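Okay, so here's the structure we're looking at.
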Amino acid sequence: MKEYVLKRLAMLVVVLFGVSIITFVLVRAAPGDPAVNLAGEHATAQVLEQIREKYHLDKPIYEQYLIWIEMALKGDLGRSIKSRELVTVEIVERLPTTLELSIFAMIIASFFGILAGIVSAVRQYSPVDYGVMFGALFGVSMPVFWLGLMMLFIFGVKLGVLPIGGRLTTGIYLERITGLNILDSILTFNGEAFLDSIKHLILPSVALATIPMATIARMTRSSMLEVLRQDYIRTERAKGLSERVVVYKHAIRNALIPIVTVIGMNVGLLMGGAVLTETIFTLPGLGKYIADAILAYDYPVIQGFTLFFATAFVIINLATDIIYVYIDPRIKYK
Amino acid sequence: MAEEEIKRRTRIQDVTRQMRKNKSAMFGLGLLFIIVTLSVGAPLFAPHDPHDVDLDRQLKPGFWSDDGLPGFYLGTDALGRDLLSRLFYGGRVTLSVGFVALGFAVGMGILMGISAGYFGGAVDNVVMRIVDILFAYPALLLALVVAGTLGRGIDKAMLAIGIVYTPQMARVVRGAVLSIKETEYIEAEHAIGSSTWRIIFKHVLPNSLAPIIVYSTLMLATAILDAAALGFLGVGAQAPSPEWGLALSLSRKYLVTGAWWAATFPGIAILLSVISLNLLGDGLRDALDPRLKGGAKL
């Protein structure tokens with residue numbers, strides 16, 4: 001086990017090194033003069049000269065990379081062209097929005113996905129099963145941005161029961177402690193902000209949850225069916241245990257093990273979805289941040305954000321794999 | 001069934017038979033056929049010129065309303081262009097981004113997967129580390145960043161999505177090659193002195209086709225979703241292209257005014273295309289690779 005973790009950590013270093021090179025080259029490969037890209041189109045010749053010097057663009061490319069990576073390791077990802085703010089500061093500022101949205105979406109996806117998968121497996125080939133699988137097919141095929149817009153139109157515009165965007169209604173005050181609105185409103189006993197934050201979260205998190213929910217439901221179903229066919233389940237039935245005990249006490253526990261991986265795998269999917277969901281519901285999170293940066297050709301942000309996010313993603317994947325080994329004693333890694 | 005009859009059936013006939021029995025897969029195939037035909041034959045089927053702007057018919061509803069204009073069945077968009085015709089023409093763009101991107105991924109994936117799986121050793125190590133590194137980026141984010149830094153346009157979107165799906169395909173091919181490499185008939189080929197290229201192209205590759213076909217179909221479904229997402233975010237197709245994601249994005253602000261159709265129908269078109277491919281892919285998986293059975297059924 002220890003060996004496995006160490007080996008994975010060594011691989012992590014290799015992957016992160018590759019990620020940093022690709023991220024660096026990708027942005028350098030962008031068409032146009034990098035100095036102009038960094039300074040913006042309307043920069044004067046003098047500013048461009050300063051930029052070249054400041055970002056060491058006059059030095060050979062490998063030296064530029066080393067300087068960049070050294071700064072990144074020190075926590076300096078450069079400054080946004082648009083806002084002139086430090087990229088790290090902007091990431092930290094926007095992280096809670098995406099985090100809150102993703103956590104909410106993941107809770108919805110896991111809860112309903114697992115529930116639907118179990119019901120569907122226990123009643124295989126029943127109308128309920130067909131209904132769930134039909135719904136899951138729609139879920140995995142759904143363009144998230146379209147679903148979000150349709151929900152916005154129906155619940156926000158036509159019925160007017162939920163807000164169509166943002167995190168908090170203007171006029172409602174909430175003290176920022178963690179940046180997670182729900183948590184902050186609980187910490188400050190702010191009932192009004194609490195309810196308002198939840199209202200704002202419902203549509204975007206349901207939209208974001210759709211695809212993971214469908215994949216989790218499918219995975220739970222097939223995993224449950226697999227477990228229900230096992231000998232020990234037959235033994236339990238033969239012992240005369242009630243179906244309820246067999247399913248809920250024994251089968252589910254074993255069936256849920258692979259779901260952990262699926263949930264972990266969905267983190268990347270959530271980030272892609274967050275770009276779309278945050279754009280639709282105008283949420284000031286990381287997804288909207290990168291989408292805006294790309295549209296504005298804000299290269300330092302693109303570079304810094306990509307490095308930051310790929311690193312986070314790799315670490316989350318590793319964590320999922322390690323958790324998986326811990327909760328499933330049957331798996332032994334070499 | 002007589003034993004002789006079983007023998008006479010080839011693998012392809014076998015798969016075709018199984019597919020015919022699978023209603024949801026056949027439904028998917030039929031739906032896909034209709035969508036592709038309408039898109040490819042857009043000049044034949046479209047009732048209007050998709051670029052014909054007329055500000056007098058802005059955002060007119062379609063057949064469901066009395067305010068609709070005759071001949072404009074799904075209504076018009078914000079520039080008065082016929083929505084149905086734009087859907088047909090838009091399919092050409094969205095679907096071709098998906099197809100070309102996937103073609104790139106399949107080509108590169110086969111190249112990488114075969115070198116890694118067949119030659120093993122250092123080659124395997126290098127190729128798989130590249131795959132690991134590309135996997136370090138969430139798919140849509142990588143596509144967005146690649147397309148965004150290269151510039152705008154469908155050619156960049158094709159390349160970006162192609163790059164995203166390459167590592168996935170490489171893993172699929174490598175897995176298939178690894179299992180075939182160890183079989184006895186490959187050993188026999190080695191024994192009779194067949195060249196490496198002959199073994200790869202005559203034996204390893206044809207026998208790896210089943211998973212490649214299955215995953216290509218399923219990946220094409222998500223590649224189309226990504227193509228539309230890039231269009232929606234503004235880095236894929238550019239106006240006045242009738243690309244579905246872009247059309248949806250440009251029409252979304254009119255949802256608030258009640259003109260729901262301009263944003264709704266492109267979304268339905270994307271959804272139906274993706275569903276058809278997912279149904280077909282699941283059916284192919286059941287027919288070609290029974291071990292992986294258990295996908296969705298209608």
Side-chain angles (χ1 to χ4, degrees), chain A residues 11 14-19 21-23 26-27 29-31 130 133-134 136-138 140-147 149-150 152-153 156-158 164 214 218 221-222 225-226 267-273 275-276 279-280 290-291 293-295 297 299 302 305-306 309-311 313-314 317, chain B residues 24 129-130 132-152 218 221-222 224-226 228-229 232-235 244-245 248-249 251-252 255-258 260 263-264 266-279 282 293-298:
Chain A
M11 253 174 69
V14 177
V15 168
L16 287 181
F17 176 65
V19 162
I21 288 189
I22 290 187
T23 308
L26 196 66
V27 172
Y130 284 111
M133 286 301 102
F134 188 69
L137 171 71
F138 262 81
V140 293
S141 311
M142 190 62 79
V144 177
F145 45 98
W146 181 70
L147 179 72
L149 282 176
M150 289 299 115
L152 189 147
F153 176 64
V157 178
K158 277 276 155 184
I164 58 168
R218 279 180 163 193
R221 178 179 181 269
S222 59
L225 288 174
E226 183 97 32
V267 173
L269 206 68
L270 277 184
M271 192 57 224
V275 174
L276 298 163
T279 304
I280 294 164
I290 185 70
I294 282 167
L295 288 178
Y297 296 100
Y299 289 105
I302 300 174
F305 176 86
T306 310
F309 198 80
T311 309
F313 187 51
V314 173
N317 277 343
Chain B
S24 46
R129 285 305 81 75
I130 296 175
D132 282 342
I133 291 164
L134 285 174
F135 261 115
Y137 300 91
L140 185 65
L141 187 69
L142 180 60
L144 185 64
V145 170
V146 174
T149 45
L150 291 178
R152 313 276 184 268
L218 294 171
T222 42
I224 287 174
L225 274 182
D226 291 344
F232 179 81
L233 290 169
V235 296
W244 291 338
L248 209 165
S249 170
S251 305
R252 68 180 159 145
L255 278 174
V256 189
T257 66
W260 52 268
T264 303
I268 293 177
I270 302 167
L271 180 64
L272 289 179
S273 316
V274 179
I275 284 186
S276 72
L277 283 162
N278 275 329
L279 284 173
D282 284 337
K293 215 163 180 162
K297 295 224 175 53
L298 256 183

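The sequence lines fix the lettering, A, B, ..., with proteins before strands; numbering per chain opens at 1. Every value quoted in this text rests on a predicted model; they were computed, and no experiment measured them.
No part of Ala221(B) comes within reach of chain A, as not one of its non-hydrogen atoms sits under 4.5 angstrom from that chain. Looking at Val144(A), neither its backbone nor its side chain comes within 4.5 Å of chain B, counting heavy atoms on both sides. With a 4.5 angstrom heavy-atom cutoff, Leu149(A) touches chain B via backbone and side-chain atoms both. The contact between Ile280(A) and chain B is made by backbone and side chain atoms together, counting heavy-atom distances below 4.5 Å. Contact annotation for Leu134(B): only side-chain heavy atoms (C-beta onward) come within less than 4.5 Å of a heavy atom of chain A. Contacts of Phe17(A) with chain B are absent, with no heavy-atom separation under 4.5 Å from either backbone or side chain. With a threshold of 4.5 angstrom between heavy atoms, Phe232(B) approaches chain A through side-chain atoms but not through N, CA, C or O. Heavy atoms closer than 4.5 Å to chain B are found in both the backbone and the side chain of Met142(A). If you measure heavy-atom distances from Ala136(B) to chain A, the contacts under 4.5 Å come from both the backbone and the side chain.
Considering only heavy atoms from C-beta on, Leu233(B) stays 4.5 Å or farther from Phe145(A) through its side chain. In this structure, Leu141(B) and Phe309(A) have side chains that are in contact, with non-hydrogen atoms separated by less than 4.5 Å. Residues Arg252(B) and Thr279(A) form a side-chain contact, since some pair of their non-hydrogen atoms from C-beta on lies under 4.5 Å apart. Side-chain contact between Thr23(A) and Tyr137(B) is present, with at least one heavy-atom pair separated by less than 4.5 Å.
Nearest heavy-atom pair, Phe313(A) versus Phe135(B), reported as atom, atom and distance to 0.1 Å: CE2-O, 3.4 Å. Looking at every heavy atom in both residues, Pro143(A) comes nearest to Gly267(B) through CG-O, 4.0 Å. The minimum heavy-atom distance between Ile268(B) and Trp146(A), with the atom names listed, is CG1-CZ2, 3.6 Å. Contact between Ile294(A) and Leu144(B) at its shortest, heavy atoms only, is CD1-CG, 3.4 Å.
Chain A forms the most heavy-atom pairs under 4.5 Å with one residue out of Ile270(B), Leu248(B), Leu277(B), and that residue is Leu248(B). Ranking Val146(B), Val274(B), Asp226(B) against chain A, the residue ahead of the rest is Val274(B), based on heavy-atom pairs under 4.5 Å. Chain A forms more heavy-atom pairs under 4.5 Å with one residue of Gly151(B), Ala229(B), Ala147(B) than with any other, namely Ala229(B). The choice from Val275(A), Leu276(A), Val157(A) that makes the most heavy-atom pairs within less than 4.5 Å of chain B is Leu276(A). The candidate from Val27(A), Ile22(A), Val14(A), Leu225(A) with the greatest count of non-hydrogen atom pairs under 4.5 Å with chain B is Ile22(A). The most heavy-atom pairs under 4.5 Å with chain A, out of Val256(B), Asp132(B), Leu140(B), Ile133(B), come from Ile133(B).
If you check the side chains of Thr149(B) and Tyr297(A), you find no donor sitting under 3.5 Å from an acceptor.
Considering CG of Leu295(A) and CZ of Arg152(B), their distance stands at 5.5 Å, rounded to 0.5 Å. Rounded to the nearest 0.5 Å, atoms OG (Ser141(A)) and CG (Leu271(B)) are 6.5 Å apart. Distance check: Leu279(B) CG to Leu137(A) CG gives 4.5 Å after rounding to the nearest 0.5 Å.
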